Amino acid sequence: MTMWVDFIIVAVLLLDLMMLSSSRIRNCIQIAAVQGTLVGLMPLFVESHPGALSPVVASFFSIFLKGVVFPWLLFRALREANIRKEVEPIGGYPLSLLMGVVMFAMGFWLSKRLLYPDPFVPALGAPVSFATFFTGVFLIISRMKAITQVIGYLILENGIYLFGAVFLGGQSLLVELAILLDIFAAVFVMGITIFHINREFDHIDTQKLSELKDIITSK
Amino acid sequence: MNVLLCSLIVLIVSGVFAFSLNRCVKFANGMGAAGAVTACVVGLGALFAVYNNPTAAVFSIPWAIPCGSFSLGADALSAVFLFPVFLLSALSALYGFDYLKHYYGKKNIGAAWLFYNLLVASMALVIMARNAILFLSAWEMMSVSSCFLVLFEGEKRDVARAGLIYLVATHIGTLFLLVMFILLGKESGSWDFAAWQGTRAGFGPSLIFLCALIGFGTKSGFVPMHIWLPEAHPAAPSHVSALMSGVMIKTGIYGLLRIMTFLGMPCAWWGYLLIAIGSLSGILGVLFALAQSDFKRLLAYSSIENIGIILMGIGLGVVGLSVQNSFLMVMGFAGGLLHVVNHAFFKGLLFLGAGAVYHETGTRKMDLLGGLLKKMPITGFCFLVGAAAICGLPPLNGFVSEFLVYYASFKSISGSTSLVFAAVGIITSLALIGGLAAACFTKAFGIIFLGETRTACGQNAHEAGVFMRLSMVILAVACIVIGLSAPLFIGVFARIIADVSGSPLSLIQLCLMEAGPPLISVVVMAVCLFIVVVLTVLLRRSFLSGRVITRFPTWDCGYARPDPRMQYTASSFAQPVVDFFKGVLRTQKQAVKITRYFPDSPSFKTETTDLFSETVFRPMLRSMRRFTGKLTWLQHGKLQFYILYIVFALVALFIWKL
Amino acid sequence: MPAKIAQFILVLTLSPFLFGVLNRTKAFFAGRKGSPLLQLYYDIFKLLRKGAVYSTTTTWVFIAGPVVSLSAVITASFLIPWAGHPAVIQFDGDIILFIYLLGLARFFTVLAALDTGSSFEGMGASREMQFALFAEPALFLSLASLARVTGQMSFSGIFSTGVINFWPVYGPVFFLVFGAVFIVFLAENSRIPVDDPNTHLELTMIHEVMVLDHGGVDFAYILYGAAVKFWLLGTLLAGMFLGASSRGWMMDSAVFILQMSVLAVIVGVVESTLARLRLLKVPHFLIIALALSAVAFILTMRS
């Protein structure tokens with residue numbers, strides 16, 4: 001069983017790296033969906049605490065949202081808003097990829113300094129969930145487009161979810177689900193906003209949103 | 001010891017003679033060179049005796065200067081640093097004898113030799129000084145005499161600028177050394193090195209270490225204190241560049257090691273800091289070297305890279321010492337020290353080769369040269385040996401020292417977490433440096449010596465003079481010999497490591513013994529390589545015997561009128577890597593845009609300026625100038641008021657002391 | 001000792017055979033019959049019987065290129081174990097020497113290319129150097145991971161401990177290391193998607209363009225050196241699936257040769273199914289190898 005958990009966790013990590021190096025938004029959405037699904041499977045493999053939400057329900061719910069609903073919403077936004085396909089990172093892909101490795105090393109270092117309540121947790125869980133969390137933050141910072149920022153939020157949430165699933169044995173899954181609903185609302189709102197920004201301005205480059213500032217002050 | 005003193009005296013006297021007999025140029029040239037060579041050969045002879053019997057090698061006379069005493073000593077550490085100083089100085093002097101003939105009647109040859117001999121003497125004095133005041137005086141003499149040598153062609157604007165940058169930078173370094181010596185001296189109440197031994201507690205040692213790092217680091221060219229190095233080294237005459245790059249910057253490493261002997265047990269973070277600075281210097285140094293188009297500037301940047309490799313070795317040694325891993329300590333220090341010696345040889349060789357090329361063609365721009373191997377076969381061959389050695393390729397000497405550092409890192413790869421990070425960092429940076437150095441030196445050798453001559457610059461080139469060739473050949477042979485005989489003399493470093501670390505000699509010898517089998521295997525493999533090369537050559541000859549060998553122009557891809565100027569240039573060779581690292585290198589490109597169907601002559605120019613001097617030092621100096629500009633009213637040029645200032649100062653001091 | 005001599009001779013004689021397997025695989029995917037399995041042997045023997053044409057621009061460096069690179073590769077083969085049996089020469093740290101010997105070979109190949117004075121060859125040399133720059137640290141890091149996991153510092157030590165026994169515990173590490181080394185393997189042997197060994201068009205050429213002016217014996221040396229290098233680096237990949245040697249030398253060798261052939265088939269499949277990357281994307285591809293090996297190394301440090 002632990003071997004499977006290990007492989008899922010390593011796969012999550014590799015998906016982070018793939019995310020950082022992929023140049024197409026379409027690919028990014030797919031990667032986020034696959035990662036969400038893999039992370040959603042985790043409650044099934046980790047021993048759950050008594051009194052926690054049933055792992056099957058939790059797993060089903062998060063896989064349904066992250067693997068099906070979000071990608072569908074994002075693809076819709078992509079289609080409707082006629083977004084160009086490239087990701088446009090700041091600093092280029094090789095740098096992003098190396099930053100991914102650095103973030104993993106950082107996560108590893110952080111996880112070495114944590115005190116674990118339970119000695120039997122998978123050793124890779126903490127570093128990878130930190131790395132996933134950092135990757136999400138990094139994506140939000142380094143990518144130009146609004147839609148890639150939404151994807152960044154999804155990755156960030158995957159990191160939190162993985163941490164909860166591995167360490168708290170489903171105890172916190174209720175909290176997780178609440179966060180998930182927040183994200184759901186956020187993605188939904190962002191989808192609509194992206195659509196509207198696009199209609200008004202013909203692009204969704206967040207850097208150009210700063211032009212709005214002038215319009216407001218001049219009025 | 002007396003012999004060493006004699007050699008110092010010979011150096012100074014012959015320099016003064018050469019200077020005063022300047023009217024007869026040939027005599028001055030011969031006198032200076034002969035003096036330097038004799039003194040260095042004598043010094044080399046004395047070194048073996050000194051190494052074997054360090055206690056006898058002490059010399060001390062009182063000195064009129066307060067707190068100063070003229071005390072000299074030569075232990076194993078000094079001996080190992082003196083060895084490259086004397087050897088390279090002798091060979092560079094031999095080379096300089098031919099090199100300076102070119103300047104008869106144009107330059108003051110006698111002065112050049114005076115400062116050259118003073119530079120050699122002061123380097124030896126720095127390494128032998130056993131008193132802080134004497135050390136600083138010698139250090140200052142070294143800086144000033146080398147600065148005058150940099151200004152040899154001082155009528156050129158960029159040379160004058162380089163000299164100024166060097167002078168300012170080296171004095172900022174000296175300032176930190178002064179602070180460091182004051183800290184050391186205040187604690188023990190004496191300025192003699194002998195009084196400083198022993199362990200200390202608290203923040204003191206760390207503060208002293210940091211001052212030493214900045215002070216000696218400025219001289220050695222640690223990033224980011226390196227900015228003077230790529231300016232000053234190319235500006236000096238080539239035999240002086242060889243000396244400065246080959247040995248003068250190593251006095252900084254010597255100083256650091258010497259200070260470490262006073263500080264007792266080092267903290268682990270010193271080692272990690274050294275490793276970090278080392279890998280930064282290594283990678284940035286070789287990256288900037290790759291982007292240069294002036295070959296002497298390229299070599300200067302590559303010195304920064306090699307200092308980085310030395311620092312990584314020493315850093316590993318310090319970490320090993322502080323975590324009590326004696327094997328790691330010994331391997332790290334041995335690798336670093338061996339690289340000090342090796343770098344003196346191959347960098348000296350490369351600068352001498354570069355000097356020969358400059359001498360014959362009158363340009364330092366690689367893109368204007370090409371095809372020189374046919375005209376200067378011996379210089380070309382020696383340069384190739386140096387290039388292969390500096391890339392760390394087996395079976396030459398550069399490989400052996402890098403091997404030791406790699407080996408120590410691989411050995412510590414299964415240890416505790418922070419050590420593993422350091423070790424794997426070193427392995428990755430050394431691998432990256434190796435790849436970049438290979439790109440850098442295939443570029444340098446390939447563009448200068450191979451292909452066809454690109455412009456008129458190299459048309460009339462011919463082989464360098466006899467003494468120039470002789471010194472290059474000796475250095476090339478030394479590179480090969482050290483590469484093949486490393487296991488024999490690696491034990492030389494045992495006593496130094498014992499001095500620096502304070503560990504028992506027998507333990508260190510045991511650790512060095514452990515490194516013996518791999519080193520011997522490396523030599524065996526080198527011999528195998530040699531045999532296989534001979535076999536393949538013989539095989540090739542037997543296949544080709546009796547067959548037709550024709551000569552024909554290079555395949556021109558169907559284009560009937562190829563021109564030498566169409567060859568790949570140095571800038572185009574480096575372009576993919578330079579472009580990949582454009583975030584760090586910030587290469588500026590200037591191109592004339594082609595607008596019409598029959599364009600005027602287009603041009604394209606790239607220049608890579610130093611990252612730190614552009615982004616850190618220039619803005620810093622600018623704001624400093626803005627601040628000091630506000631104080632110019634103090635400096636009005638009226639002598640009376642200056643005297644008044646002095647009186648004020650004296651009165652103030654008087655009142656304070658009363 | 002006889003076994004060691006035998007394995008040395010086997011490496012030298014069998015390595016061109018792998019290219020036959022590889023080309024057959026590619027032919028199969030293209031729906032062709034393909035060249036004979038021993039085609040490379042025929043090519044080399046044909047070239048060895050030819051005279052030589054040298055450019056008027058070139059010097060002795062041009063001839064030293066193929067000679068030194070072939071010698072360096074053959075010398076490097078002393079260090080590579082055979083089927084889980086120790087190599088001819090083994091010592092701690094031979095990993096470093098091996099990689100630097102390949103570096104020596106590259107150094108001289110590049111100089112020989114620059115010696116012709118042709119822009120095309122200069123272009124290839126420049127690209128070769130750039131790609132090696134990223135491949136070398138990746139290879140070092142991957143081998144560092146293997147060294148850490150197995151606790152050995154020589155190729156023979158690493159690959160004769162029965163690496164396959166480590167898979168259950170260090171599965172993810174080996175998976176990533178395999179990926180990284182495979183990318184380096186493709187790049188160093190100039191295979192698709194980094195380089196296309198079949199094109200002779202200047203804009204796509206990297207390795208092929210460097211040896212454009214070589215012919216006759218020199219070119220035979222280059223082809224043969226490439227084949228040996230393919231075998232040596234392939235051994236690192238195949239070695240990761242070796243069990244502890246126990247079935248006797250003959251049996252082990254047979255299995256090993258089979259493994260190497262399978263590797264050649266895999267490379268053939270990769271070459272047939274992938275397109276060559278755009279040149280600007282190649283560094284990106286190699287950085288992926290570097291990232292994988294770095295992640296693998298960090299994974300070895302858990303627990």
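Order of the sequence lines sets the chain letters (A, B, ...), proteins ahead of strands, with each chain counted from 1. Small disclaimer: the values here were computed from a predicted structure and weren't measured.
- The shortest side-chain heavy-atom distance between C:I96 and B:F399 falls under the 4.5 Å cut-off.
- Comparing C:V217, C:D92, C:V61 by how many heavy-atom pairs each has under 4.5 Å with chain B, the most go to C:D92.
- No part of B:Q575 comes within reach of chain C, as not one of its non-hydrogen atoms sits under 4.5 angstrom from that chain.
- In this structure the side chain of B:R547 never reaches within 4.5 angstrom of the side chain of C:K50, judged on heavy atoms.
- Heavy-atom minimum distance, C:F107 versus B:A438: CE1-O, 4.4 Å.
- Side-chain contact between B:L384 and C:F108: present, with at least one pair of heavy atoms (C-beta onward) separated by less than 4.5 Å.
- For C:L70, the part lying near chain B is the side chain, with the backbone staying farther off; criterion is any non-hydrogen pair under 4.5 Å.
- C:I63 touches chain B through its side chain: at least one heavy atom from C-beta onward sits under 4.5 Å away, while N, CA, C and O do not.
- Looking only at heavy-atom pairs under 4.5 Å with chain B, the residue among C:A52, C:A113, C:G51 that has the most is C:A52.
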**Message:** Walk me through whether B:L373 and C:W60 qualify under side-chain contact (heavy atoms from CB on, under 4.5 Å).
**Reply:** CA-CA 9 Å; B:L373 187 61; C:W60 58 269; 3.9 Å; yes
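- Neither the backbone nor the side chain of B:A423 comes within less than 4.5 Å of any heavy atom in chain C.
- Using a 4.5 Å cut-off between heavy atoms, C:D213 touches chain B through its side chain atoms alone.
- Of the listed residues (C:I99, C:L79, C:I95, C:D94), the one with the most heavy-atom contacts under 4.5 Å to chain B is C:L79.
- The shortest side-chain heavy-atom distance between B:R540 and C:D218 falls under the 4.5 Å cut-off.
- Only the backbone of B:L430 comes within less than 4.5 Å of a heavy atom in chain C; its side chain stays farther off.
- In this structure, the portion of C:F134 lying under 4.5 Å from any heavy atom of chain B is its side chain and not its backbone.
- Across B:A431 and C:F140, no two heavy atoms sit closer than the pair CB-CD1, 3.4 Å.
- When heavy atoms are compared at a cutoff of 4.5 Å, C:V67 approaches chain B by way of both its backbone and its side chain.
- Comparing C:A144, C:A76, C:A132, C:G103 by heavy-atom pairs within less than 4.5 Å of chain B, the highest count is held by C:A144.
- Under the 4.5 Å side-chain criterion, counting only non-hydrogen atoms from C-beta, C:R148 is not in contact with B:V424.
- When C:A138, C:A294, C:G122, C:S118 are compared by the number of non-hydrogen pairs under 4.5 Å with chain B, C:G122 comes out ahead.
- Proximity to chain B (any heavy atom under 4.5 Å) is shown, for C:V53, by both the backbone and the side chain.
- Nearest heavy atom pair, residue B:M525 against residue C:T75, reads CE-O, 3.3 Å.
- When all heavy atoms of C:L101 and B:P394 are compared, the pair lying nearest together is CD2-CG, 4.0 Å.
- In this structure, chain C has no heavy atom under 4.5 Å from any part of B:V534.
- Summarising the geometry of C:S55 relative to B:T554, their closest heavy-atom pair is OG-OG1, 2.6 Å, with the distance given to 0.1 Å.
- The side-chain heavy atoms of C:F297 and B:V420, taken from C-beta on, include a pair separated by under 4.5 Å.
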**Request:** For the pair C:T58 and B:R551, evaluate side-chain contact (heavy atoms from CB on, under 4.5 Å) and give the outcome as yes or no after the intermediate values.
**Result:** CA-CA 10 Å; C:T58 55; B:R551 292 191 80 86; 3.7 Å; yes
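- Proximity of C:T59 to B:F449: side-chain heavy atoms (C-beta onward) are nowhere separated by under 4.5 Å.
- Between B:F543 and C:Y221, the ring center distance fails the sub-6.0 Å criterion.
- Of the two parts of B:F530, neither the backbone nor the side chain holds a non-hydrogen atom closer than 4.5 Å to a non-hydrogen atom of chain C.
- Of the inter-residue distances, the one linking C:I89 atom CD1 with B:S521 atom OG reads 7.5 Å to the nearest 0.5 angstrom.
- Looking at C:I287, only its side chain comes within 4.5 Å of chain B, counting heavy atoms on both sides.
- Of all non-hydrogen atoms in C:P283 and B:F580, the two that sit nearest each other are CB-CE1, 3.7 Å.
- With C:P137 as reference, B:L432 is the one residue of B:I427, B:L432, B:I433 to meet the side-chain contact (heavy atoms from CB on, under 4.5 Å) rule.
- Counting heavy-atom pairs closer than 4.5 Å to chain C, the top residue among B:F441, B:F445, B:F421, B:Y407 is B:Y407.
- Proximity to chain C involves both the backbone and the side chain of B:V522, based on heavy atoms less than 4.5 angstrom apart.
- Atom-to-atom distance recorded for C:L280:CG and B:D579:CG is 8.5 Å, nearest 0.5 angstrom.
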**Request:** List the steps, then state whether side-chain contact (heavy atoms from CB on, under 4.5 Å) holds for B:I413 with C:M153.
**Result:** CA-CA 10 Å; B:I413 224 167; C:M153 265 181 68; over 6 Å; no
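- Residues C:Y100 and B:F403 keep their aromatic ring centres 6.0 Å or farther apart.
- Side-chain atoms of B:L535 and C:I74, non-hydrogen and from C-beta on, never get closer than 4.5 Å to each other.
- In B:F381, the CZ atom is not crowded: 12 or fewer heavy atoms of neighbouring residues, nucleotides or ligands sit closer than 6.0 Å.
- Remark: the C:S71 side chain and the B:T536 side chain contain an N/O donor-acceptor pair separated by less than 3.5 Å.
- A distance of 4.0 Å separates OG1 in B:T428 from CG in C:L141, rounded to the nearest 0.5 Å.
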